[in-house]
Amino acid sequence: QVQLVESGGGLVQAGGSLRLACAASGRTFSNYAMGWFRQAPGKEREFAAAISRSGSSTYYTDSVKGRFAISRDNAKNTVYLQMNSLKPEDTAIYYCAAAPKYLISNARGDYDYWGQGTQVTVSS
């Protein structure tokens, strides 16, 4: 079992930046691939970014490539999502998730543990 707590969400103008953090506790953090997903009002939860257990590999959905950067600090049991050049369509609740069985994944079903989410709102 691993517990995940997100922070760093908020209200920002279009073109601005935010940095989300997800602190993990419980099992060995470095045993998990980590991902960020997001859910906009009335839409399905969708994949945004993922990072491998060691941090050597990352993967992004096309809509955030070049604007978002995922990273992790295994010594601090924390994964980050740096979001730049934010757009109104990035408005969503952002969730971090942990996948114990995979090196890296963009599939929601591969993630066993989820945080409670943090709201990101981008105004135009």
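Contact of the E46 side chain with the R108 side chain is not registered, since no non-hydrogen atoms from C-beta on lie closer than 4.5 Å. Counting heavy atoms from C-beta on, the side chains of R19 and L81 never come closer than 4.5 Å. Here the side chains of K101 and D110 are not in contact, with every heavy-atom distance at 4.5 Å or above.
A donor-acceptor pair under 3.5 Å is absent between the side-chain atoms of R53 and the main chain of M34, judged by distance alone. In this structure, Y111 contributes its side chain and S105 its backbone to a donor-acceptor pair below 3.5 Å. S56 places no side-chain N or O within donor-acceptor distance of the main-chain N or O of S54, the cut-off being under 3.5 Å. No side-chain donor-acceptor contact under 3.5 Å links T91 to the backbone of T121. R67 contributes a side-chain N or O that, together with a main-chain N or O of S85, makes up a donor-acceptor pair within less than 3.5 Å. The main-chain N or O of G55 is never found under 3.5 Å from a side-chain atom of N74 such that the two would form a donor-acceptor pair.
Atom CZ of R72 and atom OG1 of T78 lie 10.0 Å apart (nearest 0.5 Å). A distance of 4.5 Å separates CG of L18 from CE of M83, quoted to the nearest 0.5 Å.
Both tests hold for R45 against W114: distance to the six-membered ring centre under 6.0 Å, angle to the ring axis within 45°.
Shortest non-hydrogen contact noted between K87 and V122 is O-CB, 3.3 Å. The heavy-atom pair separating R38 from A92 by the smallest distance is CB-CB, 3.8 Å.
Listed by chain and number, the residues in a side-chain contact (heavy atoms from CB on, under 4.5 Å) with N31 are T28 (sequence neighbours excluded). Scored by the salt bridge (Lys or Arg N to Asp or Glu O under 4.0 Å) test, K65 finds D62 as partners (sequence neighbours excluded). With sequence neighbours excluded, no residue satisfies side chain to side chain donor-acceptor pair (under 3.5 Å) with T61.
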Can you list, pair by pair, the side-chain donor-acceptor contacts under 3.5 Å of residues 1-15, counting residues two or more places apart and other chains?
{"residue": "Q3", "atom": "OE1", "partner": "S25", "partner atom": "OG", "Å": "3.4"}
{"residue": "E6", "atom": "OE1", "partner": "Q116", "partner atom": "N", "Å": "3.0"}
{"residue": "E6", "atom": "OE1", "partner": "Q116", "partner atom": "NE2", "Å": "3.4"}
{"residue": "E6", "atom": "OE1", "partner": "G117", "partner atom": "N", "Å": "2.9"}
{"residue": "E6", "atom": "OE2", "partner": "C96", "partner atom": "N", "Å": "2.9"}
{"residue": "E6", "atom": "OE2", "partner": "G117", "partner atom": "N", "Å": "3.3"}

Working note: I93 + T118, criterion side chain to side chain contact (heavy atoms under 4.5 Å, CB included); need CA distance, chi angles, decisive distance, verdict. CA-CA 5 Å; I93 299 173; T118 186; 6.0 Å; no
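Defined by atom type and a distance below 3.5 Å, a donor-acceptor pair is present between the side-chain atoms of S17 and N84.
Within the structure, ring pair (Phe, Tyr, Trp, His ring centres under 6.0 Å) contacts touching residues 73-99 (residues at least two apart or in different chains) do not occur. Screening residues 52-75 for ring pair (Phe, Tyr, Trp, His ring centres under 6.0 Å) gives F47-Y59 as the qualifying pairs, with residues at least two apart or on separate chains.
If you chain together hydrophobic residues whose side chains sit under 4.5 Å apart, F37 and I51 never meet in one group. Hydrophobic cluster membership is shared by W36 and Y113, with clusters built from Ile, Leu, Val, Met, Phe, Trp and Tyr side chains linked at under 4.5 angstrom.
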